[in-house]
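Input: a single structure, listed below in structure tokens.
In this chain, numbering begins with 1 at the start of the sequence shown. Please read these numbers as outputs of a predicted model, since none were measured by experiment.
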Amino acid sequence: MKFAQDIIIKPIVTEHSMSIMRDQRKYTFVVAKDANKIEIKKAAEELFKVEVESVNTMNMRGKNKRMGYTHGKTASFKKAIITLTEKSKTIEFFDSLM
């Protein structure tokens with residue numbers, strides 16, 4: 001059995017994610033690679049006590065990076081964009097960032 005804390009790993013805070021959060025009630029998170037949309041929806045509703053309308057997911061590939069002569073790669077991850085319903089309250093964690 002998966003716990004909600006194991007599915008939603010951390011929020012993504014960028015300029016674009018903050019603007020869609022303010023305008024369209026969409027929140028962006030890094031989620032577990034093996035989690036599906038149904039599990040992500042249940043985890044968000046359990047953790048943040050909100051009503052989720054839809055979940056969009058995408059697999060983000062790691063990028064090649066270079067530090068001097070050495071080469072490396074950033075980690076791949078799965079990103080989820082969670083859309084809340086109109087009557088749902090906002091996620092309190094993000095209220096202090098806006």
Side-chain angles (χ1 to χ4, degrees):
M1 180 178 154
K2 295 181 187 177
F3 293 106
Q5 293 86 356
D6 297 331
I7 294 173
I8 296 181
I9 298 172
K10 64 181 180 179
I12 297 176
V13 180
T14 61
E15 287 182 27
H16 183 260
S17 69
M18 297 304 282
S19 68
I20 64 171
M21 175 181 44
R22 198 175 325 109
D23 301 335
Q24 303 170 13
R25 299 176 61 89
K26 293 183 179 185
Y27 295 85
T28 310
F29 296 96
V30 173
V31 295
K33 282 190 149 193
D34 59 343
N36 59 30
K37 291 182 180 186
I38 297 166
E39 293 172 338
I40 295 168
K41 179 179 179 177
K42 288 180 183 176
E45 288 175 346
E46 180 185 330
L47 280 178
F48 304 116
K49 309 288 189 271
V50 294
E51 294 179 30
V52 176
E53 183 178 329
S54 66
V55 176
N56 297 334
T57 60
M58 56 202 84
N59 289 310
M60 306 300 291
R61 231 182 304 171
K63 296 179 181 179
N64 292 322
K65 296 290 181 181
R66 209 177 107 192
M67 297 285 213
Y69 291 113
T70 60
H71 296 274
K73 193 171 188 174
T74 60
S76 300
F77 62 95
K78 188 172 192 175
K79 179 166 75 170
I81 299 176
I82 298 171
T83 306
L84 301 182
T85 60
E86 287 297 321
K87 63 181 182 176
S88 175
K89 66 181 182 87
T90 61
I91 297 177
E92 294 172 6
F93 171 77
F94 292 100
D95 290 341
S96 62
L97 299 176
M98 291 197 300

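Close placement of the F29 and F48 rings is indicated, their centers lying within 6.0 Å of each other.
Exactly one of V50, T83, V52 qualifies for a side-chain contact (heavy atoms from CB on, under 4.5 Å) with S88. That residue is V50.
Counting heavy atoms from C-beta outward, L47 and I91 have side chains that stay 4.5 Å or more apart.
If you take CZ on R22 and OG1 on T90, they are separated by 13.0 Å, rounding to the nearest 0.5 Å. Atom OG1 of T70 and atom NZ of K65 lie 13.0 Å apart (nearest 0.5 Å). Atom NZ of K42 and atom NZ of K2 lie 11.5 Å apart (nearest 0.5 Å). The distance from the NZ atom of K87 to the CD atom of E53 is 11.0 Å, given to the nearest 0.5 Å.
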Step by step, would you call R25 with E86 a side-chain contact (heavy atoms from CB on, under 4.5 Å)?
CA-CA 8 Å; R25 299 176 61 89; E86 287 297 321; 4.3 Å; yes
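The backbone N or O of N36 sits less than 3.5 Å from a side-chain atom of E39, completing a donor-acceptor pair.
The cluster map of Ile, Leu, Val, Met, Phe, Trp and Tyr, joined by side-chain heavy atoms under 4.5 Å apart, puts M58 and V30 in the same cluster. V31 and M60 fall into different hydrophobic clusters, where Ile, Leu, Val, Met, Phe, Trp and Tyr are joined by side-chain heavy atoms under 4.5 Å apart, directly or via other members.
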Just distance, no hydrogens or angles: give the donor-acceptor pairs under 3.5 Å from side chains in residues 7-18, sequence neighbours left out.
from : atom 1 : to  : atom 2 : distance (Å)
T14  : OG1    : S17 : N      : 3.2
T14  : OG1    : S17 : OG     : 3.2
S17  : OG     : I12 : O      : 3.1
S17  : OG     : T14 : N      : 2.8
S17  : OG     : T14 : O      : 3.0

Indicate every side-chain donor-acceptor pair of residues 71-82 with a distance under 3.5 Å to a residue at least two apart or in another chain.
from : atom 1 : to  : atom 2 : distance (Å)
T74  : OG1    : K63 : N      : 2.8
T74  : OG1    : K63 : O      : 3.4
S76  : OG     : G62 : N      : 3.0
K78  : NZ     : A35 : O      : 2.7

